[in-house]
S.K.: 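Okay, handing you the structure first.
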Amino acid sequence: MRALLAGVIGALAGIVAYSVSQTGGQRLSILVGGLIGVAAVLGADQYRRSVQLTEVRLVLPGSEMTFAANTDMRQAALRMFFQASTRVATRPLDDDSGSLREALTSLKALFDLYREPLESGSAPPPPARGDSVHELVLDILNFELAPFLAKWHPRLKAYEDAHPGAGDSAWPENAAFREELRALQRNLRPYVLGLGKIAGLRDPERHLRRSAWHAGHIAPSVPGHRPPGDDAPGGPAAGDGTPGHRPGRDGSAG
C-alpha cells in the first residue's frame with residue numbers, strides 16, 4: 001500500500017514537473033516520477049529496518065554469539081521465544097502427571113516450527129555482521145531437540161505398540177524419560193532466554209519462572225496463612241528450580 005501511494009505521488013510529481021518544464025514527454029515524466037516514488041519509499045523502509053540496531057551478546061553452552069538485532073530479527077526472536085515458552089520445552093512436567101506422548105508431540109511440533117523457515121528458504125540471509133537468530137535456532141535443533149526426539153520417540157512408540165491402551169504411566173522407562181526431559185529443559189533455558197533478550201523483552205525469565213505453575217508450590221500471600229488442608233507450618237516449600245549444566249560441544253563442562 002505504501003509503495004502504491006508513493007507511486008501515485010511520484011506520478012503526480014512527474015506531471016507537475018512536465019507542466020513546469022513543458023518540454024514534452026508527459027508519459028515518460030509520469031513513469032519516471034512513479035519509479036522515483038517507489039524507490040524512495042522502499043529505500044526508506046529498508047533503512048528503517050536496518051537502523052536501530054541493538055547489539056546483544058549471549059554466552060551459550062559451548063559457544064558465545066553476538067547479534068546485531070534489527071527490527072526483523074527482533075520479531076523473529078520474539079515469535080520463537082513464545083513458541084518455546086508456552087510448551088513443555090520450558091514448562092515443568094511433574095512426576096506422575098501429564099502425558100509423555102503429548103510431551104513428545106509438543107517437542108516435535110516445536111522442532112518443526114523452528115526448522116520450517118530454514119528448509120523453506122523464508123529465513124533471511126545471514127546479517128553483514130554478527131550472528132543470525134536462525135543460527136541459534138539451528139543449535140537448538142541439532143544439539144538439543146533432535147537427539148532427545150531421536151532417542152525417546154522410537155522407545156515410547158515401541159512400548160505403545162506392544163501395550164496398546166496401557167498408558168505411559170506403566171512404561172518401565174517413565175522415570176528415565178522424565179529425568180532426561182528435565183535435563184533437556186535446563187539445556188534449552190539459556191537458548192530461550194537468549195531469544196527473549198534478542199527480541200528486546202525487558203525480563204524474559206519471568207515468563208519461564210516456576211512461581212505459580214502448581215497450586216502446591218504457591219506460597220501463602222498472607223503471613224501465617226496456610227492453604228486449606230495444609231497442616232504443616234509455613235506451607236509446602238517450592239522447588240528452587242536451579243538449572244543444571246550440560247557439557248559443552250567439546251565435551252568440557254558447560
Side-chain angles (χ1 to χ4, degrees), residues 49-92 103-153 180-210 241-254:
R49 291 172 180 270
S50 62
V51 298
Q52 300 178 347
L53 296 177
T54 302
E55 184 172 288
V56 180
R57 188 180 303 273
L58 301 177
V59 178
L60 299 168
S63 68
E64 181 175 331
M65 306 180 78
T66 302
F67 303 87
N70 60 10
T71 301
D72 289 339
M73 185 181 292
R74 284 191 287 269
Q75 290 176 345
L78 182 64
R79 180 177 65 254
M80 291 185 285
F81 173 84
F82 283 116
Q83 286 170 343
S85 65
T86 56
R87 297 176 182 271
V88 73
T90 58
R91 309 313 302 164
L104 274 177
T105 300
S106 176
L107 292 172
K108 179 59 166 61
L110 182 64
F111 183 95
D112 292 339
L113 285 170
Y114 279 6
R115 185 176 61 176
E116 191 279 331
L118 302 175
E119 289 195 337
S120 67
S122 60
R129 65 184 181 90
D131 295 296
S132 165
V133 68
H134 294 285
E135 294 179 82
L136 185 151
V137 168
L138 189 60
D139 286 353
I140 294 177
L141 296 177
N142 288 339
F143 301 124
E144 303 299 346
L145 289 177
F148 185 89
L149 291 169
K151 176 178 180 178
W152 288 108
H153 173 73
E180 291 202 16
L181 175 61
R182 285 190 285 269
L184 174 68
Q185 292 169 334
R186 289 193 296 268
N187 294 346
L188 288 175
R189 189 180 182 89
Y191 290 104
V192 177
L193 289 175
L195 288 170
K197 292 175 182 176
I198 296 170
L201 295 178
R202 183 178 60 182
D203 182 14
E205 189 166 2
R206 77 181 182 88
H207 299 285
L208 308 183
R209 213 162 281 152
R210 297 168 59 100
T242 302
H245 298 280
R246 65 178 284 264
R249 295 176 199 167
D250 59 356
S252 60

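Keep in mind that the numbers below use all heavy atoms, side chains included, and drop hydrogens, waters and symmetry copies. The residues of the chain are indexed from 1 along the displayed sequence. Worth saying up front: this structure is predicted, and the values here are computed from it rather than measured.
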S.K.: Can you name the nearest heavy-atom pair linking Phe81 to Pro204, along with the distance?
M.R.: CZ-O, 3.5 Å
S.K.: Calculate, to the nearest 0.5 Å, the distance between atoms CZ and CG belonging to Arg115 and Leu110 respectively.
M.R.: 12.0 Å
S.K.: Check whether any side-chain heavy atom of Asp203 lies under 4.5 Å from a side-chain heavy atom of Arg209, and answer yes or no.
M.R.: yes
S.K.: Identify the heavy atoms of Tyr114 and Ala84 that sit nearest to each other, and give their distance.
M.R.: OH-CB, 3.4 Å
S.K.: Could you tell me if the side chain of Gln75 sits less than 4.5 Å from the side chain of Asp72, heavy atoms only?
M.R.: yes
S.K.: Looking only at non-hydrogen atoms, find the nearest pair between Ile198 and Ala77 and report the distance.
M.R.: CG2-CB, 3.7 Å
S.K.: Rounded to the nearest 0.5 Å, how far does CZ of Arg79 lie from CG of Leu195?
M.R.: 10.5 Å
S.K.: Return the CZ to CG distance between Arg206 and Leu208, rounded to the nearest 0.5 Å.
M.R.: 10.5 Å
S.K.: With a 4.5 Å limit on heavy-atom distance, are the side chains of Leu188 and Leu145 in contact?
M.R.: yes
S.K.: Please name the pair of heavy atoms, one in Ser132 and one in Glu135, separated by the smallest distance, quoted to 0.1 Å.
M.R.: N-OE2, 2.7 Å
S.K.: Using modelled atom types only, decide if a donor and an acceptor are shared between the side chain of Arg87 and the backbone of Leu107 within a distance under 3.5 Å.
M.R.: no
S.K.: Can you tell me how far CZ of Arg74 sits from CG of Leu201, rounded to the nearest 0.5 angstrom?
M.R.: 11.5 Å
S.K.: Does Asp139 reach the side chain of Leu60, with side-chain heavy atoms less than 4.5 Å apart?
M.R.: no
S.K.: For the atom pair CZ (Phe67) and CE (Met73), what is the distance rounded to the nearest 0.5 Å?
M.R.: 7.0 Å
S.K.: Please give me the minimum heavy-atom distance between Gln185 and Ala89, naming the atom from each residue.
M.R.: CG-O, 3.3 Å
S.K.: Between CG of Leu181 and CZ of Arg186, what distance do you get to the nearest 0.5 Å?
M.R.: 10.0 Å
S.K.: Compare all side-chain heavy atoms of Tyr191 with those of Leu58 and state whether any distance is below 4.5 angstrom.
M.R.: no
S.K.: For His134 and Leu118, work out which heavy atoms get closest and say how close.
M.R.: CB-CD2, 3.6 Å
S.K.: Taking the side chain as every heavy atom from C-beta outward, state whether Met80 and Leu136 have any pair of such atoms under 4.5 Å apart.
M.R.: no
